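Everything below concerns the one structure shown next.
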2 protein chains.
Amino acid sequence: MEEIRDTKVSEGAPVSRRVRISDLADALGLTKSTVSRALNNYSDIAPETRRRVAEMAAKMGYAPMPYAQAVRTGRVRALGLVLEIDAPDRYGPFLAEFLGGITQEASLEGWTLTVASSSSREEMEATVTRLLQEHKVDGFILPRTRVADHRVDFLRAKHVPFVLYGRTGYGGPEHGLSWFDVDGGQAMRAAVLRLAGLGHRRIGFVGYAEEYNFALLRRDGYREGLAEAGLPLDPSLERLGVINRADGMRATEELLDLPDPPTAIVFSTDMTALGAYDAARARGITIGRDLSVIGYDGIPDGRMIDPPLTSFAVDSRQAGERLAALLIAQLRGAPAENLRELVEARLQPGGSDGPPVTT
Amino acid sequence: MEEIRDTKVSEGAPVSRRVRISDLADALGLTKSTVSRALNNYSDIAPETRRRVAEMAAKMGYAPMPYAQAVRTGRVRALGLVLEIDAPDRYGPFLAEFLGGITQEASLEGWTLTVASSSSREEMEATVTRLLQEHKVDGFILPRTRVADHRVDFLRAKHVPFVLYGRTGYGGPEHGLSWFDVDGGQAMRAAVLRLAGLGHRRIGFVGYAEEYNFALLRRDGYREGLAEAGLPLDPSLERLGVINRADGMRATEELLDLPDPPTAIVFSTDMTALGAYDAARARGITIGRDLSVIGYDGIPDGRMIDPPLTSFAVDSRQAGERLAALLIAQLRGAPAENLRELVEARLQPGGSDGPPVTT
DNA sequence: TTTCGCACCGAAACCAGTTTCGGCTTTACG
DNA sequence: CGTAAAGCCGAAACTGGTTTCGGTGCGAAA
């Protein structure tokens, strides 16, 4: 019983009839159960049949409806992302790139991204619970990892797959977490070595809130760089808890007011490094000559300012892409402990660092 | 034997069995069809029965699975947002707020947000088509409305509900579009009147790319302000197509280099207004005294700079909330032509505007 | 008393798929 | 040549809901 069901005839029609799996089955002279198993790579389907089904599916433009599959399988091919709305620096300019990366990669694999937001821990848990209860997502991407992250505990307790943007303080591989990260520590180390190579001997460090794991990793990188360059570690040259541009200006002033001030400062974020420009202007000194500055993130503002900020650029789009890929792999059954990636930040030289002025 | 596919993880039964509609029916001594109709407010259910069902549903914590409903109804209670990744200014700092607003409002109503991205018109159409074909979303939110917006044509042809952030150039109510907008024209008008009130007689205008509808609306508001203040319209004081900070600096310099330069400039975006600071610094004049500046958007950087930028602040969170509410209302059956909202920007006084210097 | 209509609910079909189970052919092997 | 084991596919159950259809009981009108 062939039924030539012609689809999408007149484009003027409101909606052309979708191709369903039963249409495919009819066209092939098979039952829909066989077609379903063929499409899902069951082993009890003859290779030749599998090929015919795949061919006809492509020809007829068949695409399964995710929610109809979900009724049985419980999986909807959707990634979840919970934004923390009241985070200190509000994600800055990275968010668009990051989202673009996730959605592009997800789209390639036929997945989608569902975004939610929360402004407190309770709300986050309620939101996640609802998304899971309604089966709106299959797994989560967690940005802005903290040293001790309650989200990790929460999702593990619920046995929900997830990937982290950034490592936690939970320790090594034994915890079976899946993550992607940019090696900020390595970048800080390279920044120190670069400055030391230029002749600087007193190099300061301005870091982020130590609640976030990356802040600690970057500080450690700074210390490693000092050690490697054979420079002493002076605690008075380290500042933590510096979040925004105004903080960065204050921290810079404090460092410059020291009895034996640094001639160069490494900032763990560009936003705070811009504060150094404000401080320099306020006291009439020149960035890149009187004070060398290196930042991290590669924000657009850093390239606009004069002199352009030397920085280690993070590719947020790449981060989004890889996180999506890692989560999808995990949802397809890959063991989480194999899904880890660490990439390096890219040095983006500007004019904010140079040899120290010799007095 | 078995499949080559993903191995299904052994469910350790961490989550207690969901409450299904049949569980509810059993507990009530009714059939699931009756329960379903009761929950969906069918008229052939006795009020007393409806009450009992609602009560028991609350007690047992029943929540329907959206995708199971969708198999029959075709609606998944999800809003769609397509970000244009390669937009000129990359959304700036608004995106997080905007997303927060959408998702918070959607969440209250039991809806979710699905985000996709595209870097070209073709990709956008492919993405939208896929989301619709897979029934992953019920309607769309379109940010960054253009004068002639192909997205509008595209979605209308497909008979898909959507709301716009910003009005189009398509004209009035007869087009049956649903939108939310902040009255930038009104703000520009108020800015001009404020400056005129301070004594300024030559007031320049620096606008965005005229491809975007809001750019034209704001320029018109500027012109209205001039007319209302009894000031002549001088085309040489108008600049359009100014997108970023560097552009803003250039535009400011051009205006200041005029034979009869303005003493005040209204910028249609804060980002470009910051360029005026750069220009002022370059030629050693002081913003707020030698040159008055008023911006629009209310970005954080504007409050950090010295002197703080006087600006008309836009509440992106509110925009997201209202757009979500409007779209949900439309999806629930409200006629699109009644779903329109125009709100005013909030004046945020800084130190960047003052009386002109009397020579 | 009969008839009609209405309010209310159950039975069953339906949506678009997935998965289990069983049976009919082949093929392999003794 | 007989039998067991694969290989391959169809039939039917199943997922969690919604919606159509039909039937019962009861009150009101004729």
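The model shown is predicted, which means the values in this text are computed figures rather than measured ones. Scope of the values below: all heavy atoms of this structure, side chains included, with no hydrogens, waters or symmetry mates. Numbered from 1 within each chain, the chains take letters A, B, ... in sequence-line order.
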Is there a donor and acceptor pair closer than 3.5 Å between the side chain of R37(A) and the base of dG17(C)?
no

For dG16(D), take OP1 and OP2 only and decide whether either is under 4.0 Å from a side-chain N or O of S22(B).
no

Picking from dT18(C), dC8(C), dG10(C), the nucleotide nearest the side-chain atoms of T34(B) would be dG10(C)

If you take atom types as modelled and just measure distance, does the side chain of T31(A) reach the base of dA11(D) with a donor-acceptor pair under 3.5 Å?
no

Rounded to whole Å, please give me the gap between CD1 in I45(A) and P in dG10(D).
8 Å

Quick one: D23(A) CG to dC15(C) P, roughly how many Å, whole number?
11 Å

Can you tell me the distance, in whole Å, between the CG atom of L24(A) and the P atom of dG17(C)?
9 Å

Can you pull out how bent the helix from dT1(C)-dA30(D) to dG30(C)-dC1(D) is, comparing the axes over its first five and last five pairs, to 10°?
50°

Atom pair distance, as rounded to whole Å: CG in D26(A) and P in dA16(C):
13 Å

How do V35(A) and K32(A) order along DNA chain D: which one's closest nucleotide is nearer the 5' end?
V35(A)

Using modelled atom types only, decide if a donor and an acceptor are shared between the side chain of D138(A) and the backbone of A78(A) within a distance under 3.5 Å.
yes

Does a donor on one side chain and an acceptor on the other come within less than 3.5 Å for T73(A) and Q69(A)?
no

Quick check: any donor-acceptor pair below 3.5 Å linking the side-chain of R72(A) to the base of dT15(D)?
no

So which one's nearest nucleotide on DNA chain D is more toward 5', T73(B) or D44(B)?
T73(B)

Without decimals, in angstroms, what is the distance between L28(B) CG and dC9(C) P?
11 Å

From OH of Y67(B) across to C1' of dG17(C) the rounded distance in Å is 12 Å

If we count only N and O atoms by modelled type, under 3.5 Å, do the side chains of Q133(A) and T129(A) hold a donor and an acceptor together?
no

Applying the side-chain contact (heavy atoms from CB on, under 4.5 Å) criterion to L142(B), which one of T168(B), L323(B), L81(B), L155(B) satisfies it?
L155(B)

Under 4.0 Å between a side-chain N or O of R18(B) and OP1 or OP2 of dG17(D)?
yes

Regarding T114(A) and K136(A), do their side chains bring together a donor and an acceptor under 3.5 Å, going by distance alone?
no

With F140(B), the side-chain contact (heavy atoms from CB on, under 4.5 Å) member among L164(B), L327(B), L132(B), L79(B):
L132(B)

So which nucleotide from dT18(C), dG17(D), dC9(C) ends up closest to the side chain of S36(A)?
dT18(C)

Describe, in one word, how the ring planes of H135(A) and Y67(B) are oriented to each other, choosing from parallel (under 30°), tilted (30 to 60°) and perpendicular (over 60°).
perpendicular

V71(A), nearest nucleotide to its side chain (from dT18(C), dT18(D), dG16(D)):
dG16(D)

Whole Å only: how far is the CG atom of L30(B) from the P atom of dA11(C)?
11 Å

Measure NE2/H135(B) against P/dG17(C) and give the value in whole Å, please.
11 Å

If you pin A63(A) and R50(B) to their nearest nucleotides in DNA chain C, which one's is more 5'?
R50(B)

Is it true that a side-chain atom of T49(B) and a backbone atom of I45(B) form a donor plus acceptor pair closer than 3.5 Å?
no

Hey, does the side chain of Y42(A) come within less than 4.0 Å of dT19(C)'s phosphate (OP1/OP2), counting only N and O?
yes

